[in-house]
Amino acid sequence: MRIENQHNAILENAQRLTKNISKSGLSIYDEIPIGDPDLWIPSQELELLLNEELSGLELGSLPIRTRSKVVKTKICEVLGYPVPSSFKKTKPRFLGQNFDTYTQKSNNLQIWNEEISSSRRYVLIRVSSENIITKVKVVTGDMLASLDNTGTLTQKYQARLILGNEVSELVSENNTQNLDSVMVAEAKTPYYTTNPTDYPTAGTLLSIETIFEKLKAIVGKSFPDLGSDQERNRGAELHRLVCQHLGYSNYKDDGRFPDVKHQLLEVKLQTSPTIDLGLFSPDSKDILDIPAINGRQIRHCDVRYAIFFAEIIEGMVRITHFFLTTGEDFFKRFPQFQGKVLNSKLQIPLKKDFFD
DNA sequence: AAGAGCAACCGTCCACAAAA
DNA sequence: TTTTGTGGACGGTTGCTCTT
């Protein structure tokens, strides 16, 4: 009974505040002094209110960015704010009430290009596998920071894919000099016992031209699309096709770089023009963590990149373009984003019972 | 009004460590 | 020895802003 009374008292206070906000005509970007008795929604009130109003909301199978926008729109309505025509990239997104929102299906919370702000609130919204909001949790930056055990920043480079006139394009005529010096003229086609994830050897490393000839047959192939939040698995299907065309009888992927280690080949499937690269820049001269071949160390820029572009029509992924380049030449064909150049994110694992 | 540029945002997997 | 948890990679699309 006592708990129920308290619950009701908080909810009543929250409703009083949202009425005030609604009357005030303020937007989510207008500043409110923290703790303002008539306009500031304390975390407790915020959590209760959003939980009551958002739980059960059906989000369907929207693309994740669209999903996020739908949720923000709903939050504006619940809090008594007018819905902006677009959500500006302010830090935080809800400036007046000083909070950010994260709509999460997974427990891997990721904060990009920003430190955790200790006084900011973080509104974490749990979405079930059926795409229904099940719980809303409001925590301060302090609390989030305590869940961050490492402080490690994960980085990402990006480049732009610009389609040309050719359906298949061999960007680099030759391998890098370094790689060329270890390769033999008559490399064996992959034997049925070799794994695509094995370390490369001088005798089995195919020339970039041979790889090009073998892989260009993939253009025009299609396979079913697994859905808008299953990009990773979609890439796996292409990876399988690539292994098959190269002559490997078994497909294997250990999630490491590069995808087809045995050929020093990285495979990418693009359905949008932004190419995301990992921790390393393709033209990096850093040494790869694999055994040297004939005494020669392999560098990141020696790796070959197979970029496939696809269109998704009626639930099918159809490969329309193919590019093959060395890491060294990568940015000569695909311009690197000049803005931030390197993006980094902090990843915070949420405990399994975080939302309980 | 349309397009280009960009980075923000969210998703998934796997090796290894720790616990059972 | 098996199971569970954690850290840190990889994956890639879309909305916002600025320019034309």
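By convention in this document, chain letters (A, B, ...) are assigned in the order of the sequence lines, proteins followed by strands, and residues within each chain are numbered from 1. As a basis for the values below, the full set of heavy atoms in this structure was taken, side chains included, without hydrogen atoms, waters or symmetry mates.
No N or O donor and acceptor, one from the side chain of Gln110(A) and one from the base of dC9(B), sit under 3.5 Å apart.
When distances run from any side-chain atom of Gln347(A) to the nucleotides dG8(C), dC9(B), dG15(C), the shortest one goes to dG8(C). Checking dT17(C), dT13(C), dG11(C) against the side-chain heavy atoms of Thr274(A) singles out dT13(C) as nearest. Nearest nucleotide to the side chain of Asn108(A), out of dG11(B), dA7(B), dC10(B): dG11(B). When the nucleotides dA8(B), dT14(C), dT12(B) are ranked by their closest atom to the side chain of Arg93(A), dA8(B) comes out on top.
Note on ring orientation: taking the six-membered ring where Trp is involved, the planes of Phe322(A) and Phe308(A) are parallel (angle under 30°, cut-offs 30° and 60°). Taking the six-membered ring where tryptophan is involved, the planes of Phe309(A) and His321(A) are perpendicular, since the angle between them exceeds 60° and thus also 30°. Note on ring orientation: taking the six-membered ring where Trp is involved, the planes of Phe334(A) and Phe330(A) are tilted (angle from 30° to 60°).
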Polar atoms only, N or O, under 3.5 Å: list the protein pairs with nucleotides 4-7 of chain C and their distances.
{"unit_1": "dG7(C)", "atom_1": "OP1", "unit_2": "Asn149(A)", "atom_2": "ND2", "d": "3.0"}
{"unit_1": "dG7(C)", "atom_1": "OP2", "unit_2": "Asn149(A)", "atom_2": "ND2", "d": "3.4"}

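Residue Lys345(A) places no side-chain N or O under 4.0 Å from the OP1 or OP2 atom of dC9(B). For Thr66(A) and dG15(C), the shortest distance from a side-chain N or O to OP1 or OP2 is below 4.0 Å. At the phosphate of dC10(B), OP1 or OP2 sits under 4.0 Å from a side-chain N or O atom of Ser68(A). Between Arg67(A) and dT14(C), a side-chain N or O to OP1/OP2 separation shorter than 4.0 Å is absent.
No side-chain donor-acceptor contact under 3.5 Å links Asp329(A) and Thr325(A). In the model, Ser43(A) has a side-chain atom that pairs as donor or acceptor with a side-chain atom of Arg121(A) under 3.5 Å.
The interatomic distance linking Leu124(A) (CG) with dC10(B) (P) rounds to 10 Å, in whole Å. At whole-Å resolution of the value, CD in Gln270(A) and C1' in dT14(C) are 14 Å apart. Distance Leu161(A) CG to dC6(B) P: 15 Å, rounded to the nearest Å. Atom-to-atom, CG of Leu59(A) to C1' of dT14(C) comes out at 16 Å; the value is rounded to the nearest Å. Going from atom CG of Asn343(A) over to atom P of dA7(B) covers 6 Å, rounded to whole Å.
Annotation: of the two residues near DNA chain B, Gln104(A) and Lys91(A), the 5′-most nearest-nucleotide partner is Lys91(A). Judged by closest nucleotide on DNA chain C, Gln155(A) is the one of Gln155(A) and Pro273(A) placed further toward the 5' end. Checking Thr154(A) against Ser272(A), the closest nucleotide of DNA chain C that is more toward the 5' end is the one next to Thr154(A). Residue order along DNA chain B, read from the 5' end via each residue's closest nucleotide, puts Gln336(A) first among Lys72(A) and Gln336(A).
Ser106(A) comes within 4.0 angstrom of a base, heavy atoms only. The residue Lys69(A) sits close only to the backbone: its heavy atoms come under 4.0 Å of sugar-phosphate atoms, none of a base.
A cation-pi arrangement is found for Lys88(A) relative to Tyr29(A), the charged atom lying closer than 6.0 Å to the ring centre and inside a 45° cone about the ring normal.
When Leu50(A), Val71(A), Thr103(A) are each tested for a side chain to side chain contact (heavy atoms under 4.5 Å, CB included) with Val136(A), only one passes: Leu50(A).
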